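In what follows, a structure is listed as structure tokens, so that the remarks can point back to it.
All values reported here derive from a predicted model rather than from experimental measurement. Hydrogens, waters and symmetry mates play no part in the numbers below; they use all other heavy atoms, side chains included.
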Amino acid sequence: MTPTSNYLRCAGREIHYLDWGNGHDVVIAWHGLARTCRDMDDLAAHLAGRRYRVICPDTIGRGLSQWSPEPEREYCLAFYVRLAEALVDQLGIERFHWVGTSMGGAIGTLAAAGALRRRMRSLVLNDNGPQLAAAAIARIRGYAGAPAAFDTVSELEQYFRTVYKPYGWLSDAQWRRLAESSTRRLPDGRVTPHYDPAMVMQFTHHENEYELWDAWDTLDLPVLCLRGESSDLLLRETTELMKVRGPKAEVVEIAGCGHAPALNVPEQWALVERFFVAAG
């Protein structure tokens with residue numbers, strides 16, 4: 001199945017998204033911090049082949065969406081929620097499921113607790129929760145804020161294979177797609193990951209905004225958390241609390257993965273689809 005590529009102006013910024021399928025049930029699938037909507041290709045293609053329409057946005061400053069002219073103000077969860085609200089409003093989507101990897105999960109949590117409460121039917125958090133490990137945040141901030149650059153796309157692909165090894169198994173074709181859809185050419189001809197390095201201002205101008213227990217405790221929708229079994233970002237003690245606080249999430253650990261499962265294999269698709277069906 002081939003998606004359509006689209007652009008909308010949301011909260012004053014141009015946002016790119018892929019639109020998969022034409023099913024009655026809608027899924028918003030939101031990528032992680034330094035990634036793009038293409039991370040959701042495999043899951044979206046699977047769901048679109050069933051009964052779902054899947055909307056996969058590029059966050060502002062990532063992929064084909066506009067880079068923010070006000071990075072210190074707009075690279076933050078609150079603004080990303082505004083983008084999400086504007087996107088679903090313009091598309092005329094009243095009710096939907098949400099799948100979010102890492103940062104995309106945090107956006108979903110905050111949206112479900114506020115602007116999109118009652119419109120979100122269920123929430124899937126892919127290696128994300130209301131509390132994240134500080135050491136892992138520092139690690140991610142370190143490589144994301146100073147993205148590497150290489151002479152060739154092949155070298156960049158090898159870099160991605162190294163830093164994203166915790167995603168778990170990807171086929172050679174999936175690694176190639178990840179690299180090619182995550183490549184931006186610099187003025188000097190080298191290639192680098194396809195995002196605005198200023199997006200790490202989120203961590204300097206909006207400290208502690210990933211501490212979401214207050215929002216979590218207000219949630220009243222079904223929540224599924226997929227935790228990479230060796231994740232250094234979402235610790236097991238946090239998921240144990242997620243099971244008994246707020247919406248009392250269902251937690252499934254994904255073997256062979258750290259941060260974060262790539263949502264690229266049938267076993268992971270089945271977990272998501274089963275959860276959506278049960279959520280109604």
task: Mind running side chain to side chain donor-acceptor pair (under 3.5 Å) on H194 and T36 for me, showing each step along the way?
output: CA-CA 8 Å; H194 205 334; T36 79; over 6 Å; no

field: Non-hydrogen side-chain atoms of H205 and C76 separated by less than 4.5 Å
entry: no

field: Check: R227 main-chain N/O paired with S231 side-chain donor or acceptor under 3.5 Å
entry: no

Pairing of K243 and E240 as salt bridge, 4.0 angstrom limit: yes

- prompt: Looking at residues at least two apart in the chain, or sitting in another chain, which of them share a ring-ring contact (aromatic ring centres under 6.0 Å, His included) with Y167?
  reply: Y164

- prompt: Do Q131 and W213 get their side chains close enough for a donor-acceptor pair, meaning under 3.5 Å?
  reply: yes

Test item: Y7 and Y17 side chains (from C-beta on) under 4.5 Å apart, heavy atoms: no

message: Checking E209 against Q202: is there a side-chain donor and acceptor pair closer than 3.5 Å?
response: yes

statement: Sequence neighbours excluded, the answer for ring-ring contact (aromatic ring centres under 6.0 Å, His included) partners of W20 is none

Pairs satisfying ring pair (Phe, Tyr, Trp, His ring centres under 6.0 Å), at least one member in residues 77-97, at least two apart: H97-F276

- prompt: Looking at R121 and D25, does any basic side-chain N land under 4.0 Å from a carboxylate oxygen?
  reply: yes

Pairs satisfying side-chain hydrogen bond (donor to acceptor under 3.5 Å, both in side chains), at least one member in residues 37-47, at least two apart: R35-D39, R38-D41, D42-Q174, D42-R177, H46-E273

message: Are the side chains of N264 and W169 in contact, using a 4.5 Å heavy-atom criterion?
response: yes

- prompt: Less than 4.5 Å apart, any side-chain heavy atom of L83 and any of L87?
  reply: no

task: Answer whether the closest heavy-atom distance between the side chains of P193 and R184 falls below 4.5 Å.
output: no

- prompt: Do you know the tightest heavy-atom contact between A111 and M120?
  reply: CB-CE, 4.1 Å

- prompt: Can you tell me if T183 uses its side chain to pair, donor with acceptor, with the backbone of A179 under 3.5 Å?
  reply: yes

Within one Ile-Leu-Val-Met-Phe-Trp-Tyr cluster: V272 and W30, side-chain cutoff 4.5 Å: no

Donor-acceptor contacts under 3.5 Å from residues 255-262 side chains, at least two apart:
from : atom 1 : to   : atom 2 : distance (Å)
H259 : ND1    : D127 : OD2    : 2.5
H259 : NE2    : S102 : OG     : 3.0

- prompt: Take atom CG in D188; do more than 12 heavy atoms of anything else shown fall under 6.0 Å from it?
  reply: yes

task: Go through the steps to decide whether D19 and R53 satisfy the test side-chain contact (heavy atoms from CB on, under 4.5 Å), and finish with yes or no.
output: CA-CA 7 Å; D19 193 338; R53 176 189 181 192; 2.7 Å; yes

- prompt: Quick one: does R9's side chain have a donor or acceptor within less than 3.5 Å of a partner on R13's backbone?
  reply: no

query: Same hydrophobic cluster for V27 and L116, using side-chain heavy-atom links shorter than 4.5 Å among ILVMFWY?
result: no

message: With no hydrogens and no angle check, just 3.5 Å: does a side-chain donor-acceptor pair link Y75 and D196?
response: yes

Distance (rounded to the nearest 0.5 Å) between T162 OG1 and Y159 OH: 9.0 Å

query: Would W269 end up clustered with V26 when hydrophobic side chains under 4.5 Å apart are linked, directly or stepwise?
result: no

- prompt: Within the distance-only criterion (no hydrogens, no angle test), does the side chain of E94 pair as donor or acceptor with the backbone N or O of V88 below 3.5 angstrom?
  reply: no

Heavy-atom pair of closest approach, residues R119 and D89: NH1-OD1, 2.8 Å

message: Would I254 and L271 count as a side-chain contact (heavy atoms from CB on, under 4.5 Å) here? Give the steps.
response: CA-CA 10 Å; I254 307 298; L271 287 170; 3.7 Å; yes

field: Which atom of T239 lies closest to which atom of C225, heavy atoms considered
entry: CG2-SG, 4.2 Å

- prompt: Does K248 come within less than 4.0 Å of D220, counting only side-chain N to carboxylate O?
  reply: no

Pair S65-D58, side-chain donor/acceptor within less than 3.5 Å: no

message: If we ignore hydrogens and angles and just use 3.5 Å, is the side chain of W98 paired with the main-chain N or O of G104 as donor and acceptor?
response: yes

message: Whether R236 and E253 form a salt bridge (side-chain N of Lys/Arg under 4.0 Å from carboxylate O of Asp/Glu) is what I want to check.
response: yes

message: Side chains of L33 and R62, heavy atoms from C-beta outward: is any pair under 4.5 Å?
response: yes

statement: Scanning both residues in full, the closest heavy-atom pair of G105 with L125 reads O-CD2, 3.4 Å

- prompt: Atom OG1 of T238 and atom CG of L132: how far apart are they, to the nearest 0.5 Å?
  reply: 7.5 Å

query: Which heavy atom of V54 sits nearest a heavy atom of A48, and at what distance?
result: CG2-N, 4.3 Å

field: Closest non-hydrogen atom pair between M103 and T59, with its separation
entry: CE-OG1, 3.5 Å

- prompt: Hey, quick one: are V99 and L178 part of the same hydrophobic cluster, counting side-chain heavy atoms closer than 4.5 Å, chains of contacts allowed?
  reply: no

- request: Answer yes or no: is there a side-chain heavy-atom contact under 4.5 Å between N128 and L234?
  value: no

query: Can you hop from L123 to L263 via hydrophobic side chains spaced under 4.5 Å?
result: no

message: Quiz question: by atom type and distance under 3.5 Å, do the side chains of E155 and T152 form a donor-acceptor pair?
response: yes

- request: Indicate yes or no: at least one non-hydrogen side-chain atom of H16 is less than 4.5 angstrom from one of C37.
  value: yes

Side-chain donor/acceptor of R117 to backbone N/O of T218, under 3.5 Å: yes

Pair up each side-chain donor or acceptor in residues 137-151 with any protein partner under 3.5 Å, not counting sequence neighbours, and list the distances.
from : atom 1 : to   : atom 2 : distance (Å)
R139 : NE     : D232 : OD2    : 2.9
R139 : NH2    : D232 : OD1    : 3.0
R139 : NH2    : D232 : OD2    : 3.2

